[in-house]
Amino acid sequence: MSPAVEAGPGASPGQPAAIAAVNVTKRFPGVLATDAVDFCVWPGEVHTILGENGAGKSTLAAMLCGLYRPDEGHIERDGKQVRLRSPRDGLAYGIGMVHQHFRLVDRFTVAENVVLGDPHQARILDRRAIEERVAEIGEQFGLPIDPRAVISQLTVGQRQRVEIVKMLYRGADVLLLDEPTAVLTPPEVEALFTTVHSMTAEGKAIVFISHKLGEVMAVSDRVTVMRAGAVTGEVATADTNQRHLAELMVGHPVEIGTRRGSNIRADVALSATGVTVIDGDQTLVDNIDIEVHRGEIVGIAGVSGNGQRPLARALAGVITPTSGHVTVAGADVTGKGPKAARRAGLSFVPEDRLGTGLVPGLSLTDNMLLTRPRGFIVDRRSARAEIATAIDEYEIKTPGTEVQARNLSGGNSQKVLLARELAGLGDPGGPQAIIVSSPTRGLDIGAAEFVRGLLHDARERGAAVLIISEDLEEVRSLSDRIAVLYRGRIALEGATDELPFESIGLAMAGVAHEEAP
Amino acid sequence: MNDAVFVLTLAAAVGAAVPIALAALGELLAETSGVLNLGVEGMMLIGAVMAFQVGDASGSLWLALVVGGLAGALFSAIHAVLCVTLRANQIVSGLALVIFGTGLSTFIGKSIEGKPLDTDFTPIRWGFLADIPVLGPVLFDQDPMVYATIAIALVITFYLNRTKAGLAVRAVGESPGTADTMGVAVAAIRYVHVMLGGLLAGMAGAYLVLGQVPSWSQDGTTAGIGWIALALVVFASWRPLRVLLGAFLFGFARRANFWLQGEDWAPDIPAEFLSMLPYLLTIAVLVVWGSRDLRRRIGAPSALGVAYDRDER
Ligand SMILES: Nc1ncnc2c1ncn2[C@@H]1O[C@H](COP(=O)(O)OP(=O)(O)OP(=O)(O)O)[C@@H](O)[C@H]1O
Ligand SMILES: [Mg+2]
């Protein structure tokens with residue numbers, strides 16, 4: 001039985017759905033990830049799955065591509081029931097998924113990643129032919145990429161292109177894109193949409209997972225909204241608007257506002273002077289000066305890969321800058337390591353939450369303990385109480401305090417991390433300065449708004465907050481001042497409300513910088 | 001200086017390098033697929049004792065070699081089951097293989113302990129090439145296993161770098177999750193390469209008793225070669241041709257006594273020191289192993305030693 005849905009704009013009448021999930025249920029220990037979900041996509045259609053963190057979007061997509069097997073229900077391809085035992089089966093049926101966390105071998109080249117596991121490849125690899133084909137696909141679908149580049153040297157946006165090319169090379173007709181825009185800059189998003197439309201023009205079916213309502217409206221033909229594992233609505237994009245979708249998604253109306261600091265003090269709680277990071281022969285961070293006052297949020301904008309990561313790590317004491325100084329609440333912490341920086345009152349929320357921020361294999365309680373002062377015996381009881389409070393206060397969706405951090409969805413792990421880093425705010429021994437990388441990346445609007453509220457609140461309580469983000473909207477909505485990073489340098493700096501949107505965009509693209517004498 | 005003896009030592013070093021190289025190439029295959037198998041010494045002992053039994057009974061060297069290899073492969077399957085299917089700790093499982101292999105081979109070899117074997121591999125002479133001074137005896141007058149080993153190293157190099165299957169093996173060792181998503185059969189590849197490793201280790205053990213020291217004794221046959229092979233894979237940065245070169249150096253070290261005895265400038269290196277060498281090397285490797293950064297830099301497969309579980313993220 002196929003779900004009874006009218007054919008979308010791209011579909012010809014009488015055609016079966018390119019792919020459909022029929023009544024699928026998937027359970028994980030303690031969670032019902034999807035609950036009897038019906039979902040289908042027609043050839044030539046972009047169908048968005050919209051939903052909060054932990055709503056079950058990735059799980060549904062994982063079942064469509066063969067990564068997970070449904071506990072109940074089944075998957076149909078072109079109207080016929082198929083049994084997908086692995087992603088290999090999925091690919092054999094022309095179903096390819098681009099995951100939220102990329103699946104690329106870092107040490108391999110683009111071409112090597114593309115042909116990995118391809119059953120139609122000759123036994124002995126003809127590198128030249130493969131590279132030509134990869135470049136050709138890239139050109140056809142607007143995904144320029146150097147087939148010989150090694151993945152570890154590519155930016156996030158480029159890696160995503162590799163993922164898409166990989167699926168197209170394998171002949172995928174159904175593409176599942178799990179939050180593809182979360183890691184992209186506005187121009188890259190535009191380019192991705194062009195790619196998506198050139199794919200649907202070829203009759204491919206696209207499943208697009210996103211939190212961003214504007215993008216959903218711009219790219220999709222149909223939208224399925226999920227909440228807590230269940231579908232709460234399915235609408236044609238033409239018949240809906242952002243407010244309606246937001247309500248379906250969170251269950252109540254939401255608003256994103258602009259906020260500024262009301263009480264910026266004179267004293268500086270976080271400062272960098274002449275910070276430079278050189279790795280081999282590459283200058284990653286070039287002579288950067290930043291001052292963040294108490295009660296102020298400074299936003300670092302810029303396209304990813306322009307030095308954000310090394311800058312954040314140098315400020316947090318994770319790496320020692322090649323030259324320059326970092327002070328936290330007046331204490332010079334340069335080169336003294338992350339522990340000294342923390343002791344001086346610095347909190348750090350890194351961009352990779354699972355890995356650098358949280359230890360995936362430890363329980364939530366133990367993750368809380370990580371940054372607490374360590375005596376001889378760990379105080380699990382107070383940490384458990386602390387995380388239990390945070391679960392209530394931050395509305396973290398988790399089966400309990402003792403589950404491993406890796407089992408939380410992206411948004412929920414970010415909340416755990418923030419709970420740990422913001423604890424003790426306002427106390428004399430609490431955080432004085434906070435560095436947050438990509439604070440709301442991958443978070444749904446409800447959770448993102450919550451996190452923005454937390455950061456605003458931290459500012460109002462006298463902390464100096466530095467936000468490093470590729471999401472310009474986010475930076476503008478919160479920051480009192482903005483600095484644009486381009487090739488490791490600050491290309492533009494000023495009060496947010498005095499910087500026109502266009503000049504920020506140009507600075508991000510390096511135009512202002514190149515023209516300066 | 002005694003030139004003739006030096007050349008003889010070099011020639012002998014090539015022979016001594018064969019079992020080290022074979023075992024190390026096998027381990028390289030297993031490790032490239034992401035499975036660390038510390039049980040090389042155990043697999044070699046099993047290969048050696050089975051080969052000797054078959055060689056003794058049948059008189060056929062080649063049959064003995066094949067049986068030795070297959071025995072090693074079968075024995076390594078234990079490691080594959082434990083580490084790939086049951087996701088046991090690879091270090092513990094590997095060490096268990098050494099202990100089990102030592103015990104089992106002693107048991108199987110009771111009847112042949114100390115018995116000599118009177119066949120040997122006949123060297124291949126490459127016509128006039130064999131008469132070139134120094135190079136001739138060292139390279140062009142060796143037994144067939146020497147050439148087979150070189151060929152195996154070349155084939156492995158080609159396999160890993162230029163073929164579809166080799167690409168998949170490297171991907172499984174680097175990032176099994178990615179390989180799985182791309183439709184590579186992670187577990188099957190790990191099984192096959194652990195067992196290929198066992199096959200080569202078994203052949204290495206077999207060659208020892210058939211070609212190098214034509215007799216079986218549980219504590220004297222392998223004499224730590226399995227541990228040297230393990231260290232060699234690391235020192236060679238997981239590159240087959242470097243393994244060959246390193247094996248030759250270690251082979252030379254094992255035969256150097258022969259030459260140094262006749263030289264008055266040479267210091268007396270106690271035999272105890274030489275038998276200690278494999279274990280010192282193992283310690284050096286463990287030190288390298290301890291540093292993740294160092295491991296990355298010398299080119300260790302990123303997922304080496306880590307079991308893969310699809311449902312874990
Ligand atoms: N492998 C797993 N083991 C245990 N629980 C899981 C696993 N994968 C997902 N879950 C749980 O299932 C639920 C749905 O997760 P899923 O990743 O599908 O959410 P999502 O909608 O993609 O969220 P996000 O927007 O944060 O990515 C969550 O509660 C999550 O914690
Ligand atoms: Mg998700």
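Throughout, a chain's letter reflects where its sequence line sits, starting with A, and its residues are numbered from 1. On a predicted model such as this, the values are computed, not experimentally measured, just so you know.
B:Asn161 contributes atom CG, which lies 10.0 Å from atom CG of A:Leu125 (distance to the nearest 0.5 angstrom). To the nearest 0.5 Å, atom CZ of residue A:Phe108 and atom CG of residue B:Leu167 are 4.5 Å apart. Distance check: B:Ser175 OG to A:Ile151 CD1 gives 11.0 Å after rounding to the nearest 0.5 Å. Rounded to the nearest 0.5 angstrom, B:Lys164 NZ and A:Asp126 CG are separated by 13.5 Å.
When each of A:Arg123, A:Arg107, A:Arg88, A:Glu112 is checked for heavy-atom pairs under 4.5 Å with chain B, A:Arg107 comes out on top. For chain B, the option among A:Leu116, A:Ile124, A:Val115 with the highest count of heavy-atom pairs below 4.5 Å is A:Leu116.
Residue contact with chain A, scored on non-hydrogen atoms closer than 4.5 Å, involves the side chain of B:Phe158 exclusively. For A:Ala122, the part lying under 4.5 angstrom from a heavy atom of chain B is the backbone only. Interface remark: A:Asp118 contributes backbone atoms only to the contact with chain B (heavy atom separation under 4.5 Å). Interface remark: A:Leu104 contributes backbone atoms only to the contact with chain B (heavy atom separation under 4.5 Å). Using a 4.5 Å cut-off between heavy atoms, A:His101 makes no contact with chain B at all. Neither the backbone nor the side chain of A:Met97 has a heavy atom closer than 4.5 Å to any heavy atom of chain B.
Between A:Leu91 and B:Thr181 the shortest heavy-atom distance is CD1-O, 3.9 Å.
Against chain A, no residue from residues 65-100 of chain B qualifies, as none has a non-hydrogen atom under 4.5 angstrom away.
Side-chain contact between A:Pro87 and B:Met182 is absent, with no heavy atoms from C-beta onward closer than 4.5 Å.
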